[in-house]
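We count ligands from 1, going down the list as the structure has it; atoms in each ligand are counted the same way.
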Amino acid sequence: MSKVLQKVFITGGAGYVGAVLVPKLLNKGYQVKVIDLYIYGEGVLDSVKNHPNLIQVKGDIRNRKLLEKETEGYDTIIHLACISNDPSYELDPALGKSINYDAFIQLVDIVKRNGVKRLIYASSSSVYGVKKEEEVTEDLPLEPLTDYSKYKAMCEEVLMNAGEKCFVVAAIRPSTVCGYSPRMRLDLTVNILTSQAINKGEITVFGGEQMRPNIHIEDMADLYLYLLGLPDEKIDKKIYNVGYENYKLKDIAGMVQSIVGNQIPIKTISTNDNRSYHISSRKIREELGFSAKHTVCEAILDLKRAFEEGKIPNPMTDIRYYNVKTMQAIKLV
Ligand SMILES: NC(=O)c1ccc[n+]([C@@H]2O[C@H](COP(=O)([O-])OP(=O)(O)OC[C@H]3O[C@@H](n4cnc5c(N)ncnc54)[C@H](O)[C@@H]3O)[C@@H](O)[C@H]2O)c1
């Protein structure tokens, strides 16, 4: 019964992951408040906008007064809001830091004062940098290669230091997410390659040997839901990788080709960017009993269907599908 009353506050709830997570939370009976700048579209949560348990607040997580007011009475924070990839971050590093790091320190301070009981932070598997190890486990040192990843790692540290008996904290290091969301991103590996195959009739792979860890967006959202239901002691001050399949880029391209159409050519272009990521999701499976269930092939099929049904209109020209293009076009200060 207590879960039905549980109040969840999601920053960045109108983003790619949030747009799948929010309806799932409402479905399970949670009361949900989203705070977001709606950078990628105002109508992202339209399918649930009249739900009696949903409140949407258009606002900036850097606004201290707003957060003090809006987080009052909430049990749990899921923190997704972020300038959420390297190229967007690098457009304006000072802006990126103000949102991804400074605002997080402030958020932690505010929600602790407001008596929030739990904060779950979306970090990233990119915090490891490039590793030689076959299995990249949570105990390996962090060697982030970019500022986006560096501040993800630093936020984890801030959070772990802030945890207390009455303030349960956990961080998740997701793989690259794939699949369809009502707020679509076409700047993530599987999604890019699928869109190219369908909308350009050609797949371009830079390199190909690099490994990429992947997680289906349904699994990503289901994990946040799952974490809400776990007892404090299971997750407190814990950090977990989460992913399903690690694949070489050329293998992902091959999967896209076999699903979208064998006649679609794969063009390979050599690159100096040989960054290769692969992670182990063993700890989350063994300690928390969470295993991702949906495959990369399912994500490709879901995307193919969404394109066919016209759910992703103007995929090559609408800048909202590409974070860096949107950030270039808007004047966020
Ligand atoms: N998508 C992935 O592959 C992936 C992988 C690893 C980690 N993550 C992390 O998961 C989280 C969610 O990712 P996503 O793909 O949904 O990103 P997204 O870019 O689609 O969503 C981020 C949301 O935050 C909002 N936002 C940005 N700055 C804000 C501000 N100052 N105030 C209020 N709202 C603001 C944006 O409007 C957007 O709706 C991010 O923290 C990201 O770093 C994502």
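Heavy-atom proximity to Thr176, at under 4.0 Å, picks out these atoms of ligand 1: 3 (O). Short contacts between ligand 1 and Val177, defined as distances under 4.0 Å to a heavy atom of the residue, involve ligand atoms 1 (N), 2 (C), 3 (O), 4 (C). When each atom of ligand 1 is checked for a heavy atom of Ser175 under 4.0 Å away, the hits are 5 (C), 6 (C). Atoms of ligand 1 found under 4.0 Å from any heavy atom of Gly12 (numbered from 1 in listed order, with element): 23 (C), 24 (O). Each of the following atoms of ligand 1 lies closer than 4.0 Å to a heavy atom of Tyr40: 19 (O), 36 (C), 38 (C). Taking every heavy atom of Ser84 and a limit of under 4.0 angstrom, the matching atoms of ligand 1 come to 17 (O), 18 (P), 19 (O), 42 (C), 43 (O). Near Ala14, meaning under 4.0 Å from one of its heavy atoms, ligand 1 places the atoms 39 (O). Set against the non-hydrogen atoms of Tyr148, the atoms of ligand 1 under 4.0 Å away are 42 (C), 43 (O).
For ligand 1, the polar-atom distance check finds an N/O of Ile39 within less than 3.5 Å of one of the ligand's N/O atoms. In terms of polar-atom proximity, Arg183 is counted as a contact of ligand 1, with an N or O under 3.5 Å from an N or O of the ligand. Considering backbone and side-chain N/O of Val17, one or more are found under 3.5 Å from N/O of ligand 1.
Ring geometry, Phe9 versus Tyr74: the interplanar angle exceeds 60°, so the pair is classed perpendicular (tilted spans 30 to 60°).
Ring to ring, Phe104 and Tyr151 are not that close: their centroids are 6.0 angstrom or more apart.
Under 4.0 angstrom from ligand 1, the non-hydrogen atoms of Asn323 all belong to its side chain. Proximity of Ile99 to ligand 1, defined as any heavy-atom pair under 4.0 Å, is confined to the side chain (atoms from C-beta onward). The residue Arg173 has no part lying near ligand 1, judged by heavy-atom distances below 4.0 Å. Using a 4.0 Å cut-off between heavy atoms, Leu188 contacts ligand 1 through its side chain alone, with no backbone atom that close. Contacts between His79 and ligand 1, counted as non-hydrogen atom pairs separated by less than 4.0 Å, are absent for every part of the residue. At a heavy-atom distance under 4.0 Å, only backbone atoms of Ser123 (N, CA, C or O) approach ligand 1.
Residue Val17 comes nearest to Met220 through the heavy atom pair CG1-CG, 4.0 Å, listed as atom of the first residue, atom of the second, then distance. The two residues Val333 and Leu95 make their nearest non-hydrogen contact at C-CD1, 3.6 Å. Nearest heavy-atom pair across Ile284 and Asn241 is CG2-O, 3.6 Å. Nearest heavy-atom pair, Val177 versus His216, reported as atom, atom and distance to 0.1 Å: CG1-C, 4.4 Å. In plain terms, the two heavy atoms of Thr268 and Gly207 that are nearest each other are CG2-O, 3.1 Å.
Of the candidates Arg183, Gln56, Lys58, Tyr38 forms a side-chain hydrogen bond (donor to acceptor under 3.5 Å, both in side chains) with just one, namely Gln56.
Taking atom 11 (C) of ligand 1 as the reference point, the nearest protein heavy-atom neighbour is Leu80 O, 3.4 Å. Counting only heavy atoms of the protein, atom 31 (N) of ligand 1 lies nearest to Asp60 OD1, 2.9 Å. Residue, atom and distance of the protein heavy atom nearest to atom 6 (C) of ligand 1 are Pro174 O, 3.6 Å. Here the heavy atom of the protein found nearest to atom 37 (O) of ligand 1 is Asp36 OD1, 2.6 Å. Atom 34 (N) of ligand 1 has as its closest protein heavy atom Leu37 N, 3.2 Å. Annotation: atom 32 (N) of ligand 1 to nearest protein heavy atom, Ile61 N, 2.9 Å. Protein heavy atom in closest approach to atom 10 (O) of ligand 1: Ala122 CB, 3.6 Å. For atom 27 (C) of ligand 1, the nearest non-hydrogen atom of the protein is Cys82 O, 3.4 Å.
For the residues Met184, Arg185, Met220, Arg62, the heavy atom positioned nearest atom 1 (N) of ligand 1 is part of Arg185.
Between Arg185 and Tyr40, the side chains place no donor N or O within less than 3.5 Å of an acceptor N or O (distance only, hydrogens not considered). A donor and an acceptor atom, one from each side chain of Thr295 and Glu245, are nowhere located under 3.5 Å apart. The closest side-chain donor-acceptor pair between Asn314 and Thr317, if any, does not fall under 3.5 angstrom. Side chain to side chain, Asn114 and Thr71 meet the donor-acceptor criterion of an N or O pair below 3.5 Å.
Distances from atom 44 (C) of ligand 1 to the protein include no heavy-atom value under 4.0 Å.
Heavy atoms of Ser181 stay at 4.0 angstrom or farther from ligand 1. Residue contacts with ligand 1: Lys152 is included, with a non-hydrogen atom under 4.0 Å away. Not a single heavy atom of Ser126 sits less than 4.0 Å from an atom of ligand 1.
Counting non-hydrogen atoms of neighbouring residues, nucleotides and ligands closer than 6.0 angstrom, the CG atom of Asp139 exceeds 12 such neighbours. Annotation for Arg282: atom CZ does not count as buried by contact number, only 12 or fewer foreign heavy atoms lying within 6.0 Å.
Although no hydrogens or angles enter the test, the distance criterion places no donor-acceptor pair under 3.5 Å between the side chain of Asp187 and the main chain of Ile192.
A salt bridge links Lys311 with Glu309: the distance from a Lys NZ or Arg NE/NH1/NH2 to an Asp or Glu carboxylate oxygen falls below 4.0 Å.
A cation-pi arrangement is found for Lys325 relative to Tyr322, the charged atom lying closer than 6.0 Å to the ring centre and inside a 45° cone about the ring normal.
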